[in-house]
Amino acid sequence: MTVRTRFAPSPTGFLHIGGARTALFSWAYAKKYGGKFILRIEDTDVERSTPAAVQAIMDGMHWLGLDYDEGPFYQMQRMQTYKKVLHSMLDAGTAYYCYSSKEELEILREAQTAAGAKPRYDGKWRPEAGKILPHISAEISPVIRFKNPQTGVVAWDDMVKGRIEIANAELDDLIIARADGTPTYNFCVVVDDFEMGITQVIRGDDHVNNTPRQINMLMALGATIPQYAHLSMILGDDGQKLSKRHGAVSVMQYHEDGYLKEAVLNYLARLGWSHGDAEIFSMQQFCEWFDLDHITPSAAQFNTEKLNWLNAHYIKEMDINLLAEDITARLQAITGKDPRASNLISVLNLYRERANNLNQLAKDIAYFYTLPQASAADVEKHITPEIMPAMQKLHQQLAHTEWTAQAIHHAINAVVTEFGLKFPKIAMPLRVMLTGIAQSPSIDQVMALLGQSETLTRINAYLK
RNA sequence: GUCCCCAUCGUCUAGAGGCCUAGGACACCUCCCUUUCACGGAGGCGACCGGGGUUCGAAUCCCCGUGGGGACGCCA
């Protein structure tokens, strides 16, 4: 049987890190087995679903390169299918109308909670052989409930968590269609997973509790039960649960924040999944290695430091032209200038080794394209009166120096020797004058790339 | 409250009864490299939640406890 997996977000917000990982695992599983990856938009909550959220989710997937083979399917466009199945279940007696009002149910729930019991439907309208149902009140439009088995257990071998068993006695008859006739989540999922031929349901473990109900419905429909893999959730950097209020950001935010998609992908893949000691791997390798075993059943805490480390790795590895393209945009945002025609590639080759973030990298090299402003503290600390004579001399020498890093190095060395100084005594003030800060790569290389006239100009600005 | 799930270094994890005086990675510390800061290299610190069992032998299996999380919607 060909593998068919799906990602089924509800469009009520952006694609966050947890959703992205779920999508990634589903996608990788399909890729690994040459199957199909399906995108299904679960938009039956009309109140909260928005087209903007659909777009945001697809943008996130697109950025990460999680391409789907089928879809997007929208549940709101599949109402006819759901209604058809609903009626067949009504006919088959696996579903029934329930006329209990919301208020009635609310009272029931409160009483049960107060008694310390699990709140659940009392089966008032559940048809049973020999049972006389209450009189139907014309006022109430009924909901449809699934007639869940009352005895026995539902069990499945979860690909992540192992065998899970739940007694049917724990389950009540859930509502599968609202009073207005629209089907509810658990029912739509069942119908869709069935009709779309999903073979592996890979989703967040907040759905573990829905699974037994879904299996029961699937069985009532005569469907084969897919395999389930419930992924544990991702916690924030501080170990707290991610929520809109707390740390849950769009994956696109990582792009804005200076992360390469390769780093995010690699990081996410490794979060909750492992392949021996492998830490750094391409998506191609991931798809080859990935399987539903070796997924951790426990929750994982997000760690930005490790993401940074991976980001640094991929910045070093990245094709230099692609890197230049990315940095150009970020640089423009900082300097307002277009550095394209300049020596950007050379500058990046000098700086990429030390960067772990694209925004930081752009910021670090901005001085090549816009005049830096050194801090008073740095100026005071490094550009001291006693080095000025040497600096004066160097400035003169530099005007006649061949503009290569090597020649510049010699020129500095000559002055340093002449004035009986140590190399850093001159290199540090040069850094401050030229780059605006006291940390930079080899100063002669910086100067070579900055250019002779710009270098002389910047030094001159400090000579009295 | 009821049901379900989870539990190895600070963090991500390896580990499927002896290969474990528990391995790797991030972070941290030290040293080396060095023209500052990084990068890189070499070391170091650092964990099996507790208690019972099973076994010749348990991080690994079982039970209990503790802690954390999730679910109990005419939300998804």
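Residue numbers begin at 1 in each chain, while the letters A, B, ... track the order of the sequences.
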Minimum-distance nucleotide to A:T184 side chain [options: B:C74, B:U13, B:C39]: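 Nearest to the side-chain atoms of A:T184, counting from C-beta on, is B:C74.
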Nearest to side-chain heavy atoms of A:V143, which nucleotide of B:C74, B:U35, B:C72: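 Within the option list, the nearest is B:C74.
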Donor/acceptor link under 3.5 angstrom from A:H409 side chain onto base of B:U35: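 Answer is yes: a donor-acceptor pair is held.
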Please tell me if [X] has a side-chain N or O lying less than 4.0 Å from either OP1 or OP2 of [N].
X      : N     : value
A:K425 : B:U36 : no
A:T44  : B:A76 : yes
A:T296 : B:U13 : yes
A:R109 : B:G73 : yes

Rounded P spacing from B:C63 to B:A47 in Å: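 Pairwise P distance, B:C63 against B:A47, rounds to 29 Å.
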Pairwise P distance for B:A14 and B:A25, with rounding to whole Å: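 Each nucleotide's P atom is 15 Å from the other's.
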Any salt bridge between [X] and [Y], counting N to O under 4.0 Å?
X      : Y      : result
A:D193 : A:R40  : yes
A:E106 : A:K102 : no
A:D378 : A:K381 : no
A:D158 : A:R163 : no
A:R213 : A:D172 : yes
A:R120 : A:E170 : no

Classify [X] by what it touches in the nucleic acid, base, sugar-phosphate, or nothing, heavy-atom distance under 4.0 Å.
X      : value
A:I443 : base
A:A300 : sugar-phosphate
A:D43  : nothing
A:K161 : sugar-phosphate
A:K422 : nothing

What pairs of nitrogen or oxygen atoms, one from the protein and one from nucleotides 15-21 of chain B, lie under 3.5 Å apart?
from	atom 1	to	atom 2	distance (Å)
B:G15	OP1	A:H294	NE2	3.4

Residue closer to the 5' end of RNA chain B, A:M233 versus A:A438 (nearest nucleotide):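 The answer here is A:A438.
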Residue whose nearest RNA chain B nucleotide is more 5′ - A:I140 or A:S298: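 By nearest-heavy-atom nucleotide position, the 5'-most residue is A:S298.
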Sort me out a list of protein N/O and nucleotides 64-68 of chain B N/O pairs below 3.5 Å, or just none if empty.
none

Rounded distance in Å - NE2 (A:H207) to C1' (B:G69):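 Going from NE2 in A:H207 over to C1' in B:G69 covers 15 Å.
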